[in-house]
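Each remark here refers to the structure printed beneath this line.
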Amino acid sequence: MNRKAARATISDVAKAAKTGKTSVSRYLNGEQNVLSADLKQRIETAIAELNYRPSQMARGLKRGRTRLIGLIIADITNPYSVDVMCGIEAACRAQGFTLLMCNTNNEVDQEQHYLNLLSSYQVEGIVVNAVGMREEALNQLQQSFLPMVLIDRKIPDFPCDVVGLNNAEAATEVTTHLIGQDYQAILFVTEPLGMVNTRHERLRAFQHTMAQHPDRLAEKAEVALTDSAGMDRVLHAFWQQHGEKRCAVMVVNGALTLQVARSLKRLGLNWGEHIGLLGFDELEWSELAGVGITTFKQPTWQIGYSALEQVIRRIDGDTSPPNDCVFSGELIVRGSTTLLHNKA
């Protein structure tokens, strides 16, 4: 039975080139100016013949650098998270780092496991895409001395760089859009607020904007993402009470927008015909859903890229105070908020 050939070592290269490991190491580290032309050629030939590949991990550890960045992501199935990760990965390539991505699937045990794993790999910094991540894991991160940047969600009482959407600006813009479309009753639907600053910031901006229009009715409902029955009850009650008015539903994120859309279908309510619908986050199916759903698109790729750039600045010694870097988004208007006719 054939066995897989053993991986060539630096000692094998030195032996084949008839030199010492120090000379091979100098060749690999770019110190070729101290080697003779003949020796350089022998080493190059030996490397090619043996198909030698140096261990980047070992070389990095020897220099005190691994060039590894850890990404802790709460839910890889979330399109927002996927887009953010693409931006982070692109920045890693541009900056010469390698990304180690850990998907916790919102499980506490997995969060702790990956935190320990990233430490064992001696990553130089961590980016945390904390959308949906539980507080237990975030508390663990507070104990870390690694350069860290948070995406989208802050950790209470923990000074740290944060990159994300300008939530106040975004929520003000989408609320103003609905008011401009002459909706008299608007329901803001969110997952339980908890300590998630993005939900609080969007809700506050919504309420502040609505307060400037006392002739309009503003309501709020907190519904768990998996509570389909609860969502049906909330939307049915809102429609029963205010259905004679121009009504609209504003949803705090993309995953919950899908839940609301499904619930409206179960209730026989068509967005753009019976009720208005607007959701944060642009998802591929939004433009395909009947008349299309109005969304607020976040610059997720840019957010990820910027987060990685910031963590590298920290790795390189930037000691300036923690910074909040916020981006503006784009309102994408579709039929779900513009086709509704005034009711008789």
Side-chain angles (χ1 to χ4, degrees), residues 165 167-191 193 198-223 225 227-228 230-283 285-298 329-344:
L165 180 70
N167 290 296
E169 176 188 79
T172 298
E173 182 176 355
V174 298
T175 307
T176 300
H177 166 72
L178 292 176
I179 292 171
Q181 292 298 315
D182 198 30
Y183 287 100
Q184 284 90 39
I186 304 174
L187 173 66
F188 184 97
V189 179
T190 177
E191 293 178 70
L193 294 170
T198 54
R199 298 169 191 169
H200 284 278
E201 290 167 6
R202 293 172 189 179
L203 176 60
R204 281 197 299 268
F206 163 72
Q207 292 174 328
H208 176 76
T209 305
M210 291 296 292
Q212 299 174 38
H213 300 270
D215 58 320
R216 311 298 171 97
L217 175 72
E219 291 191 4
K220 170 191 69 99
E222 298 182 42
V223 186
L225 183 61
D227 187 6
S228 299
M231 183 67 75
D232 289 354
R233 287 193 299 271
V234 165
L235 295 178
H236 181 262
F238 178 69
W239 176 254
Q240 284 292 102
Q241 187 171 359
H242 307 294
E244 76 285 354
K245 302 184 178 74
R246 284 176 61 88
C247 296
V249 180
M250 181 193 302
V251 193
V252 76
N253 61 46
L256 201 61
T257 301
L258 179 57
Q259 172 78 300
V260 169
R262 287 170 170 166
S263 180
L264 290 176
K265 284 294 186 182
R266 289 193 295 269
L267 296 173
L269 298 175
N270 297 325
W271 51 84
E273 179 184 352
H274 303 114
I275 194 167
L277 176 60
L278 183 151
F280 278 85
D281 299 332
E282 168 69 358
L283 303 175
W285 54 266
S286 299
E287 63 179 342
L288 304 175
V291 298
I293 296 176
T294 296
T295 61
F296 192 85
K297 182 179 181 180
Q298 299 193 51
E330 176 188 2
L331 177 63
I332 300 178
V333 178
R334 298 189 177 97
S336 69
T337 59
T338 61
L339 296 181
L340 187 68
H341 298 290
N342 284 320
K343 299 190 178 184

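- For the pair Glu169 and Arg202, the salt-bridge criterion is not met [side-chain N within less than 4.0 Å of a carboxylate O].
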As a quick check of understanding, evaluate side chain to side chain contact (heavy atoms under 4.5 Å, CB included) for Arg246 and Ile275, giving each step before the final call.
CA-CA 7 Å; Arg246 284 176 61 88; Ile275 194 167; over 6 Å; no
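- Using modelled atom types, one finds a donor on one side chain and an acceptor on the other under 3.5 Å when comparing Gln212 with His208.
- When the options Thr198, Leu193, Thr190, Val252 are evaluated for a side-chain contact (heavy atoms from CB on, under 4.5 Å) with Leu203, the one that passes is Leu193.
- No side-chain donor-acceptor contact under 3.5 Å links Ser263 to the backbone of Gln259.
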Output, in order, the C-alpha distance, side-chain angles, deciding distance and verdict of side chain to side chain contact (heavy atoms under 4.5 Å, CB included) for Gln241 and Glu219.
CA-CA 12 Å; Gln241 187 171 359; Glu219 291 191 4; 4.2 Å; yes
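- Looking only at distances, a side-chain donor or acceptor of Asp227 sits under 3.5 Å from a matching main-chain atom of Gly230.
- Salt-bridge annotation for Asp232 and Arg266: present, with a side-chain N of the basic residue lying under 4.0 Å from a carboxylate O of the acidic one.
- Side-chain atoms of Tyr183 never come within 3.5 Å of backbone atoms of Lys245 as a donor-acceptor pair (strictly under, hydrogens ignored).
- Checking His242 against Gln184 by side-chain atom types alone, no donor-acceptor pair falls below 3.5 Å.
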Using the side chain to side chain contact (heavy atoms under 4.5 Å, CB included) rule, take Glu287 and Arg334 through it: C-alpha gap first, then chi angles, then the decisive distance, then the call.
CA-CA 8 Å; Glu287 63 179 342; Arg334 298 189 177 97; 3.4 Å; yes
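- A donor-acceptor contact shorter than 3.5 Å links the side chain of Thr176 to the backbone of Thr172.
- No salt bridge links Arg199 with Glu201; every basic N to acidic carboxylate O contact stays at or beyond 4.0 Å.
- A donor-acceptor contact closer than 3.5 angstrom is absent between the side chains of Thr209 and Thr175.
- Partner of Phe296 under the side-chain contact (heavy atoms from CB on, under 4.5 Å) criterion, out of Leu165, Asp281, Val251: Leu165 alone.
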